[in-house]
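Shown next, in structure tokens, is the structure this report addresses.
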Amino acid sequence: MIIIMEEGAPRQAIDEMIAAVEAEGFQPFVNPGVERTVIAVLGVVNVEKVQVADKFASFPGVERVALVSEPYKLASRAHHPAGTVLNIRGVTIGGTELCIMAGPCSVESREQTLEIAHAVKASGAHMLRGGAFKPRTSPYAFQGLGVEGLKILAEAREQTGLPVVTEVMDHSDVEQAKDYADILQIGARNMQNFRLLRCVGATNLPVLLKRGFGCKVEDLLMAAEYIMAEGNAQVILCERGIITFETSTRFTTDINAVPVIKHHSHLPIVVDPSHAAGDWRYVASIALAGIAAGADGLEVEVHNNPAKAKSDSAQALTPEKFDDFMRRARLVAAAVDRTIGEVPVG
Ligand code: PEP
Ligand code: MN
């Protein structure tokens with residue numbers, strides 16, 4: 001932490017600041033500077049420093065306080081230098097092998113879900129995604145099949161062996177989903193629903209945490225910290241596009257977030273090209289870019305009859321298009337020393 005005093009701050013203010021730093025158990029290093037005094041604060045890095053920084057910033061004669069270390073700990077790479085590799089029913093995420101999660105936006109029926117599950121499995125997907133509880137902009141739009149949808153997902157897992165990823169929006173969804181799902185998804189709209197984060201943090205299920213479309217990378221990592229602080233270290237981050245001034249796609253994929261998150265955190269990160277694009281035409285390109293950028297996997301929407309889909313029909317890939325995409329994905333993965341269902345060559 002660095003405390004930057006105002007230009008011409010009186011000696012008394014500087015002395016009071018130094019005393020306060022010492023009183024908190026830190027060691028102050030004072031650099032008088034030509035224009036202003038800067039105090040470097042040395043001590044054990046811990047997350048409580050954030051609160052102390054706010055306190056120091058309110059002292060007379062202080063211009064600002066800058067934090068050198070990150071405000072999150074459990075999610076930070078400094079805390080856990082090796083990348084985390086999760087193993088979910090034998091499927092790994094975070095290692096050399098990419099994890100491709102694919103499936104419909106919503107579970108609409110048993111037939112629809114089973115057909116899509118078998119198709120994505122045949123193309124090499126590792127997990128099945130599908131929403132039983134849907135966050136919809138309109139209260140009149142299809143809200144999902146609820147528990148019935150969870151049962152269909154569990155049947156699809158039984159038939160295909162694919163672990164299941166499904167979204168939860170509140171405590172009661174978590175209670176119901178934890179008996180069926182392998183990964184609980186927190187959607188973009190709930191990324192900062194802190195009670196929900198604590199709630200999934202109290203389960204022993206892995207959590208797929210999607211970045212809020214108005215949230216910074218640091219906000220995403222702080223949200224992961226909420227889950228981890230409850231004792232659940234199995235967090236997978238997801239970049240799914242953010243709001244920018246660009247309107248030609250539904251959201252803008254922040255591809256930069258992938259290497260940035262890899263640098264600051266040990267948690268696996270996947271890219272969702274479907275919600276970012278909002279249009280199936282762009283999905284494959286964005287997904288390939290995600291792999292090239294170093295993502296540990298993808299979450300892609302696939303529908304057997306997009307024109308009839310009850311949600312997100314415009315962005316769904318058909319099983320044929322998904323199959324063609326997977327072929328190209330293997331090539332891009334190999335170019336960045338990753339694999340999709342294959343043993344690395346050489
Ligand atoms: C979804 O995955 O179906 C979804 C609603 O995604 P997001 O929360 O990223 O909008
Ligand atoms: Mn969707």
Side-chain angles (χ1 to χ4, degrees), residues 99-108 112-113 116 120 125 127-139 141-146 149-150 152-153 164-170 173-174 177 181-193 196-197 200 206-215 217 219-220 223-224 235-244 249-255 257-258 261 269-280 282-283 286-287 290 295 297-318 322:
C99 177
I100 313 296
M101 308 166 183
C105 179
S106 301
V107 174
E108 298 166 13
Q112 168 245 17
T113 304
I116 297 169
V120 299
M127 293 199 187
L128 175 66
R129 67 141 285 147
F133 305 106
K134 295 302 303 175
R136 303 304 302 278
T137 304
S138 165
F142 177 61
Q143 304 285 306
L145 296 181
L150 296 175
I152 293 170
L153 286 168
V164 158
V165 186
T166 199
E167 178 162 356
V168 286
M169 294 192 292
D170 65 18
D173 292 356
V174 174
D182 300 298
I183 299 183
L184 300 175
Q185 175 171 311
I186 299 294
R189 289 155 190 82
N190 274 314
M191 190 203 86
Q192 288 188 312
N193 182 339
L196 182 59
L197 298 177
V200 295
V207 177
L208 177 65
L209 177 64
K210 301 188 82 171
R211 179 180 179 182
F213 35 75
C215 294
V217 165
D219 300 328
L220 173 63
V235 179
I236 302 157
L237 306 169
C238 179
E239 165 59 42
R240 48 78 72 212
I242 53 173
I243 291 189
T244 66
T249 50
R250 196 172 171 194
F251 295 95
T252 299
T253 311
D254 179 11
I255 209 78
V258 177
I261 286 170
I269 161 94
V270 303
V271 167
D272 167 354
S274 307
H275 292 88
D279 184 327
W280 67 267
Y282 312 131
V283 167
I286 298 167
L298 301 169
E299 188 185 39
V300 184
E301 288 190 346
V302 177
H303 200 285
N304 54 344
N305 189 352
K308 292 260 168 71
K310 291 190 175 172
S311 59
D312 287 346
S313 57
Q315 67 198 34
L317 293 181
T318 59
F322 178 68

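In this chain, numbering begins with 1 at the start of the sequence shown. Treat the numbers as computed from the prediction; the structure is a model and nothing was measured. Each ligand, and each atom within it, is numbered from 1 in the order the structure gives.
Of the polar atoms of Pro135, none of the N or O atoms is found under 3.5 Å from an N or O of ligand 1, judged by distance alone. The N/O atoms of Lys210, backbone and side chain alike, include one that comes under 3.5 Å of an N/O atom in ligand 1.
With respect to Asp312 and Arg250, a salt bridge is recorded, a charged nitrogen being found less than 4.0 Å from a carboxylate O. Taking 4.0 Å as the cut-off between side-chain N and carboxylate O, Arg129 and Glu299 count as a salt-bridged pair.
Separation of atoms CD1 (Ile183) and SG (Cys99) is listed at 6.5 Å; rounding is to 0.5 Å. Between the CD1 atom of Ile116 and the CG atom of Asn304 there is a distance of 4.0 Å, given to the nearest 0.5 Å.
Summary of contacts: the protein heavy atom closest to atom 8 (O) of ligand 1 is Ala188 N, 2.7 Å.
Rounding to 10 degrees gives 170° for the angle at the Mn ion (ligand 2) between NE2 of His275 and SG of Cys105.
Of all atoms in ligand 1, numbered sequentially from 1 with element shown, those under 4.0 Å from a heavy atom of Gly187 are 8 (O). Residue Arg189 approaches ligand 1 through these ligand atoms, each under 4.0 Å from one of its heavy atoms: 7 (P), 8 (O), 10 (O). For ligand 1, the atoms closer than 4.0 angstrom to any heavy atom of Arg240 are 7 (P), 9 (O), 10 (O). Annotation for ligand 1: atoms under 4.0 Å from non-hydrogen atoms of His275 are 1 (C), 2 (O), 3 (O), 4 (C), 5 (C), 6 (O), 10 (O). Below 4.0 Å from some heavy atom of Lys134 lie the following atoms of ligand 1, by number and element: 3 (O).
Nearest N, O or S atom of Asp312 to the Mn ion (ligand 2): atom OD2. Minimum-distance N/O/S atom of Glu301 relative to the Mn ion (ligand 2): OE2.
Glu301 counts as a contact of ligand 1, since one of its heavy atoms falls under 4.0 Å from the ligand.
No donor-acceptor distance shorter than 3.5 angstrom exists from the side chain of Gln112 to the backbone of Asn305, with no hydrogens or angles considered. Side chain of Gln143 to backbone of Ala141: a donor-acceptor contact under 3.5 angstrom is found. Looking only at distances, no side-chain donor or acceptor of Asn190 sits under 3.5 Å from a matching main-chain atom of Asn193. Side-chain atoms of Ser274 never come within 3.5 Å of backbone atoms of Val300 as a donor-acceptor pair (strictly under, hydrogens ignored).
When Arg129, Met191, Glu167, Arg250 are ranked by how near their heavy atoms come to atom 3 (O) of ligand 1, first place goes to Arg129.
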Derivation and outcome, side-chain contact (heavy atoms from CB on, under 4.5 Å), residues Thr244 and Asp254 | CA-CA 10 Å; Thr244 66; Asp254 179 11; over 6 Å; no
